[in-house]
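Since the structure comes first, as structure tokens, the remarks are kept for the end.
Counting starts at 1 for both ligands and their atoms, following the listed order.
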Amino acid sequence: MNLSDRDKQYIWHPFTQHQADKGAIAIVRGEGALLFDENGKEYIDAISSWWTNLFGHANPHIAQKIKEQVDVLEHVIFAGFTHQPAVELSEKLIRILPENQSKVFFSDNGSTCVEVALKMAIQFWHNTGIQKKKVIAFKNAYHGDTFGSMSVGARGVFNEPFESFLFDVEFIELPSKENFEQVLQRFTDLIQNKDVAVFIFEPLIQGSAGMLMYEAEYLDQLIKLAQENSVICVADEVMTGFGRTGKNFACDHLQNKPDIFCLSKGITGGFLPLGVTTCTQKIYEAFLSEDAKKTFFHGHSYTGNPLACTAGNASIELLQSSEKLLKDLVVLQKKMSEGLRKNAKVENLRQLGTIVAFDIQTNKGNGYFNDIKSSIYNNFIERGILLRPLGNTVYIMPPYIITLDQLQKVYMEIEEVLNML
Ligand SMILES: Cc1ncc(COP(=O)(O)O)c(C=O)c1O
């Protein structure tokens with residue numbers, strides 16, 4: 001039996017309706033932007049394997065560093081203990097994050113670093129003895145699949161069975177030129193009630209919502225207003241961190257810096273699971289007390305895993321020497337996507353840094369459940385391209401090291417698939 005068939009016997013895959021499922025493609029090897037399956041077929045990973053991979057599969061620098069660390073220390077409890085890779089990673093992160101960031105808390109993935117951020121913000125107010133309960137988030141947001149992160153995300157098919165278990169959140173529209181005045185007014189009304197504890201957002205781009213982009217100047221104004229009214233601002237940079245938007249962090253495009261950052265995905269260059277939540281000194285200090293009840297009682301078994309931290313250190317080293325690589329990819333993405341503008345099926349072509357997205361014109365409306373998704377996904381796969389449309393939204397978010405030829409092939413295949421529709 002091949003791997004795909006053996007997989008079917010026992011494995012339940014994420015975001016997969018197994019009733020109609022054709023089975024998983026078994027990948028046996030990766031190199032650069034390429035993945036190779038068990039039959040020798042190759043695929044260009046044009047979505048960086050769920051937005052995690054920055055410097056290519058099996059990147060030799062990251063792989064070597066992990067190999068060295070494996071023989072030294074694989075893991076150690078992180079309460080009461082520490083180690084070189086975690087210390088080094090925290091120093092590196094604080095150096096590249098905005099200046100107001102001061103402390104680093106480790107967890108395991110995007111959802112958990114958001115949970116940590118929410119719990120930190122809520123307990124900050126609890127520890128300070130100030131009653132604040134309200135949470136503000138953007139409509140269509142996605143922050144993960146655990147209960148807290150689901151609560152601050154869009155309500156819909158994905159979390160319908162759990163809806164009555166999710167906490168209340170005030171959702172505001174994503175700001176645009178057309179609606180900003182109303183958004184600002186509603187935000188002001190909510191905030192002036194004094195009971196808003198936290199405002200959480202995906203800065204400049206809502207990934208899972210369909211790569212919806214919005215302007216830095218609007219977010220800047222909202223953050224400013226929130227901070228003037230003592231609301232903790234949480235930037236979920238799980239997708240946008242580590243160069244995706246053309247700068248280290250999406251918040252580097254802003255004047256006003258959020259109080260808490262959530263980081264994951266690209267943090268290890270796509271090698272190992274790791275979540276990080278960073279915060280200001282002021283937030284950290286609200287947890288310092290003779291009173292044990294003010295402790296932040298949160299931690300996972302693999303918190304601060306040395307191998308994951310080592311991958312993080314190696315990936316940040318690459319990021320710091322990749323300024324030109326990133327700039328070139330941003331320019332290439334712009335140049336190549338321009339060709340799509342002429343295609344009558346393409347709507348709302350947009351770009352933020354290394355990310356390009358567009359909507360396919362259908363008469364079924366925009367959204368995740370637009371059924372064009374599965375047919376074009378399969379079509380791309382047959383052509384050796386891993387693109388995973390969000391409904392009728394196609395996005396191209398490749399590893400930064402994708403070659404010119406590979407990127408050209410991605411765009412050529414997109415054109416061909418669109419022309420068949
Ligand atoms: C902005 C954002 N936050 C959080 C998450 C959740 O991350 P994870 O899938 O690692 O739990 C995601 C995942 O796509 C995300 O895009």
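Between the CD1 atom in I372 and the CG atom in L421 there is a gap of 4.5 Å [rounded to 0.5 Å].
The side chain to side chain contact (heavy atoms under 4.5 Å, CB included) check on E178 picks up S176, with sequence neighbours excluded.
Residues D145 and S111 have side chains that never bring a donor and an acceptor to within less than 3.5 angstrom of each other.
Checking side-chain atoms of R186 against main-chain N and O of F171 turns up a donor-acceptor pair under 3.5 Å.
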Checklist line | CA sep, side-chain torsions, deciding dist, call: E115, T112, side chain to side chain donor-acceptor pair (under 3.5 Å) | finding: CA-CA 5 Å; E115 292 288 338; T112 53; over 6 Å; no
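Note: F249 and F242 have perpendicular aromatic rings, judged against thresholds of 30 and 60 degrees for the angle between ring planes.
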Which pairs of nitrogen or oxygen atoms, taken one from ligand 1 and one from the protein, are under 3.5 angstrom apart?
unit_1: ligand 1; atom_1: 3 (N); unit_2: D236; atom_2: OD1; d: 3.3
unit_1: ligand 1; atom_1: 3 (N); unit_2: D236; atom_2: OD2; d: 2.7
unit_1: ligand 1; atom_1: 10 (O); unit_2: G110; atom_2: N; d: 2.9
unit_1: ligand 1; atom_1: 11 (O); unit_2: S111; atom_2: N; d: 2.9
unit_1: ligand 1; atom_1: 11 (O); unit_2: S111; atom_2: OG; d: 2.6
unit_1: ligand 1; atom_1: 14 (O); unit_2: K265; atom_2: NZ; d: 3.2

